[in-house]
Amino acid sequence: MHISGMFKEVDIESTKVDIENAKVDIRNRELSFSDAISEKTINHALEIFSKCGKEEYFGRTIVEDITGLKLSGASELIKLLNDSKAIVPVNGHGKGKYRFQ
């Protein structure tokens, strides 16, 4: 059955998400938190964001896997991102889970 005029054309170009803007946002948040943050640390944060985005949650083990950092380095990176308000804790998935906001 065909009902004329029920469906509109969707402009796909206008609904695309610009990931580059999200990456820039993370970089700006970190840089505004402290001038002492190294470029390597910022790149680690961007790696995590590119793998997890804003929807997926992550913990210390995932940070270790993505960045290659050891246990203490991954914990420090998470603490830095949490203190700079780049990530927020996630409830309901166990202790120590976060996602980008």
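Source: prediction; values computed, not measured. Positions are given from 1 along the sequence.
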**Study point:** Leu80-Ile42 co-clustered via ILVMFWY side chain contacts under 4.5 Å
**Key:** yes
Practice item. Nearest 0.5 Å please: distance from the CD1 atom of Ile78 over to the CG atom of Asp83. Key: 12.0 Å
Check your understanding: Closest heavy-atom contact between Lys54 and Arg99?
Key -> O-CD, 3.6 Å
Practice item. Quick one: closest heavy-atom pair of Glu47 and Ile66, and the distance? Key: OE1-O, 3.3 Å
Review point. Are Ile62 and Leu77 co-members of a hydrophobic cluster defined by side-chain heavy atoms under 4.5 Å apart?
Key: yes
Review point. So Phe49 and Phe100, would you call those rings parallel, tilted or perpendicular, with 30° and 60° as cut-offs?
Key: perpendicular
Review point. Hey, what do you get for CG (Leu71) to CD (Glu76), rounding to the nearest 0.5 Å?
Key: 10.5 Å
Practice item. Please round to the nearest 0.5 Å and tell me the distance separating atom OH of Tyr57 and atom NE2 of His93. Key: 5.0 Å
Exercise for review: Determine the minimum heavy-atom distance between Gln101 and Lys85, stating which atoms define it.
Suggested key: NE2-O, 2.6 Å
**Study point:** Heavy-atom closest contact (Val90 atom, Tyr98 atom, distance)
**Key:** CG2-C, 3.7 Å
Review point. Between atom OG of Ser38 and atom NE2 of His44, what is the distance when rounded to the nearest 0.5 Å?
Key: 7.5 Å
Study note, to complete from the structure: Taking every heavy atom of Glu64 against every heavy atom of Ala74, the minimum-distance pair comes out as CG-CB, 3.6 Å
Check your understanding: Same cluster for Ile87 and Leu69 if Ile/Leu/Val/Met/Phe/Trp/Tyr side chains link at under 4.5 Å?
Key -> yes
Review point. Measuring from Lys79:NZ to Arg60:CZ, what's the distance to the nearest 0.5 Å?
Key: 14.5 Å
